[in-house]
Amino acid sequence: MNLILLGPPGAGKGTQAQLLEATRGLKQLSTGDMLRAAIAADTPIGRQAKAIMDRGDLVPDDVVIGIIADRLTQPDCAKGALFDGFPRTTAQADALDALLAGRGQKLDCVIEFAVDDGILIERITRRAAQDEAAGKPVRSDDRPDVFPNRLAKYHRDTAPLIAHYGAKGLLKSIDGMQPVEVVRAEIAAILEGL
Ligand code: AMP
């Protein structure tokens with residue numbers, strides 16, 4: 001099964017992806033995590049991506065498509081994957097279709113996390129302040145001066161995918177502002193119905 005979790009940064013996609021990986025054996029592919037790993041390892045891709053990510057902009061399509069294309073060839077993705085933070089543009093969505101078709105697979109479902117921007121900004125700002133006060137590291141792009149740009153990029157570049165996948169009959173929307181456990185149950189119900 002190939003599943004996309006679609007929604008703005010901070011909507012809870014990563015949390016649900018980890019739950020799904022643990023319970024359903026679906027491999028979570030988070031391009032954000034892979035890019036952060038590339039930065040930590042100081043690879044050429046990491047060096048290219050760092051300043052872009054620090055600003056809250058999107059890394060070029062060809063870079064993230066290349067990362068996903070490579071990753072899909074690994075054995076743990078043989079039966080499909082759970083895409084978290086990818087695709088973020090229609091070019092990435094088209095590339096994913098082609099990659100899956102080349103593997104004799106298809107996309108089964110896209111789950112959209114609908115959230116309120118104002119509440120999201122409040123939540124991320126509060127979390128960053130609490131973490132900072134507790135001496136915990138705060139992701140550079142979760143800072144209040146960067147997060148709104150990530151949200152703006154989501155609305156400009158990624159939100160059009162909602163209509164894109166809606167037209168293909170693949171979209172299911174859930175209220176991402178509900179408690180983690182409620183969101184988890186709603187996703188489970190969607191997957192049961194596939
Ligand atoms: P995330 O952890 O998914 O919020 O991603 C963190 C940052 O990594 C984003 O703000 C982008 O700069 C970059 N990034 C992650 N995934 C993608 C993608 N599919 N396309 C472009 N940039 C991405």
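The first residue of the sequence shown is numbered 1, and numbering continues consecutively from there. Whatever order the structure lists them in is the order used to number ligands and atoms, beginning at 1.
Within the structure, salt bridge (Lys or Arg N to Asp or Glu O under 4.0 Å) pairs that include any residue of residues 53-73 comprise Lys50-Asp54, Arg55-Asp57, Asp57-Lys153, Arg71-Asp76 (at least two apart or interchain). For residues 116-131, every residue pair satisfying the side-chain hydrogen bond (donor to acceptor under 3.5 Å, both in side chains) rule, not counting sequence neighbours, is listed here: Asp117-His155.
No side-chain donor-acceptor contact under 3.5 Å links Lys27 to the backbone of Lys79. The main-chain N or O of Gly80 is never found under 3.5 Å from a side-chain atom of Asn2 such that the two would form a donor-acceptor pair. Side chain of Ser173 to main chain of Glu112: no donor-acceptor pair is present (N/O by atom type, distance under 3.5 Å, no hydrogens or angles).
A 4.5 Å side-chain heavy-atom check between Lys106 and Asp108 finds at least one atom pair inside the cut-off. Residues Phe113 and Asp175 have side chains not in contact (no heavy-atom distance under 4.5 Å, counting atoms from C-beta outward).
Among the atoms of Arg88, some N or O lies under 3.5 angstrom from an N or O of ligand 1. Residue Asp84 places no N or O, backbone or side chain, under 3.5 Å from any N or O of ligand 1. For the pair Gly85 and ligand 1, the shortest N or O to N or O distance falls below 3.5 Å. Ligand 1 has no N or O atom lying under 3.5 Å from any N or O atom of Pro87, backbone or side chain.
Contacts between Arg150 and ligand 1, counted as non-hydrogen atom pairs separated by less than 4.0 Å, involve the side chain only. Contacts of Leu35 with ligand 1, taken as heavy-atom pairs under 4.0 Å, involve the side chain alone. Contact annotation for Arg139 and ligand 1: only side-chain heavy atoms (C-beta onward) come within less than 4.0 Å of the ligand.
Per-residue contacts place Val64 under 4.0 angstrom from the following atoms of ligand 1 (heavy atoms of the residue considered): 17 (C), 18 (C), 20 (N). Heavy-atom contacts of Gln92 reach the following atoms of ligand 1: 18 (C), 19 (N), 20 (N), 21 (C) (cutoff under 4.0 Å). The ligand atoms of ligand 1 that sit less than 4.0 angstrom from a heavy atom of Asp57 are 11 (C), 12 (O).
Residue Leu26 is not grouped with residue Leu29 when hydrophobic side chains (ILVMFWY) are merged at heavy-atom distances under 4.5 angstrom, including chains of intermediate members.
Residue Lys153 places every heavy atom at 4.0 Å or more from ligand 1.
Listed here is the closest heavy atom pair of Asp141 and Met53: CB-O, 3.6 Å.
The nearest heavy-atom contact from the protein to atom 22 (N) of ligand 1 is Val59 N, 3.1 Å. In this structure, the protein non-hydrogen atom closest to atom 7 (C) of ligand 1 is Met53 CE, 3.7 Å.
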